Amino acid sequence: MNDDIYRHVEGVREPDPTLGKTRGRHEPATVERVPPAPVESQPEQPAKPPKRQRVVLADPRSRSTPTLRARVELEEQTSWGTLLVDDLVKRQLRAGLALAGLVLVVLGGLPLAFYLSSDFAGVHVVGVPLAWLLLGVLPFPLLLLAGLAYNRLAERHERDFVDMIEN
């Protein structure tokens with residue numbers, strides 16, 4: 001151990017009183033003056049303050065959130081989206097079955113009517129039996145009308161479906 005730096009006085013180490021006095025005189029650091037920061041010129045005040053504008057970041061009553069949610073549900077085919085599509089398919093199937101039932105009743109009822117009423121079966125129009133005209137001509141316009149009606153119903157159901165999704 002080096003005893004040059006410390007002396008022992010009654011078992012207690014004391015710092016050397018000459019410690020640090022051997023150095024040269026302390027000169028304070030020189031302080032250089034920093035030039036002041038240039039003063040920024042103030043922009044000229046416009047004669048008339050700008051018109052205030054209201055900035056709306058999001059409309060809390062926006063309808064886009066349910067629409068977006070419904071579209072995402074449909075795209076991801078979640079259980080809710082599948083339920084919506086199944087409902088549309090059921091409505092269109094119901095309309096198709098109803099129209100098909102109507103066509104079957106009308107076309108199937110004619111032979112039954114001719115069978116039950118012999119007078120009705122014996123009627124002639126322009127020399128042609130009415131039964132032949134009804135069974136030979138009636139099905140085509142009836143099927144055309146049933147197809148047009150089904151098309152309108154299906155489009156209405158799809159419009160309702162789209163309106164429900166968008167709203």
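All values derive from a computational prediction rather than experimental measurement.
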- Query: Do you know the tightest heavy-atom contact between Q77 and T82?
  - Reply: O-OG1, 3.6 Å

- Message: Test of understanding: clusters of I, L, V, M, F, W, Y form through side-chain heavy atoms closer than 4.5 Å, transitively. Do L138 and V105 belong to the same one?
- Response: no

- Which atom pair, heavy atoms only, marks the closest approach of L130 to F120? CD2-CE1, 3.7 Å

- Can you tell me how far CD of E158 sits from CZ of R156, rounded to the nearest 0.5 angstrom? 12.5 Å

- Message: Assigning hydrophobic clusters by single linkage (Ile, Leu, Val, Met, Phe, Trp, Tyr; side-chain heavy-atom cutoff under 4.5 Å), is L135 placed with V125?
- Response: yes

- Message: My understanding is that only one of V137, V103, L102 makes a side-chain contact (heavy atoms from CB on, under 4.5 Å) with L142; could you say which?
- Response: V103

- Item | L153-V162 co-clustered via ILVMFWY side chain contacts under 4.5 Å | no

- Query: Got L112 and L116 here, is their nearest side-chain heavy-atom distance under 4.5 Å?
  - Reply: yes

- Item | Nearest heavy-atom neighbours spanning P139 and G136 | CD-C, 4.1 Å

- Query: In terms of hydrophobic clustering (I, L, V, M, F, W, Y; side-chain heavy atoms under 4.5 Å; direct or indirect links), are L107 and W132 co-clustered?
  - Reply: yes

- Heavy-atom closest pair (H157 atom, A95 atom, distance to 0.1 Å) is CE1-CB, 4.0 Å

- Item | Nearest-0.5 Å distance that lies between atom CD1 in I165 and atom CG in L88 | 9.5 Å

- Residue pair L74, F161: steps toward the side-chain contact (heavy atoms from CB on, under 4.5 Å) verdict: CA-CA 12 Å; L74 286 175; F161 180 75; 4.0 Å; yes

- Min side-chain heavy-atom separation R91-D160 under 4.5 Å: yes

- Message: Under 4.5 Å between side-chain heavy atoms, counting indirect links through other Ile/Leu/Val/Met/Phe/Trp/Tyr residues: same cluster for L99 and V89 or not?
- Response: no

- Item | Backbone N/O of A113 and side chain of S117: donor-acceptor pair under 3.5 Å | no

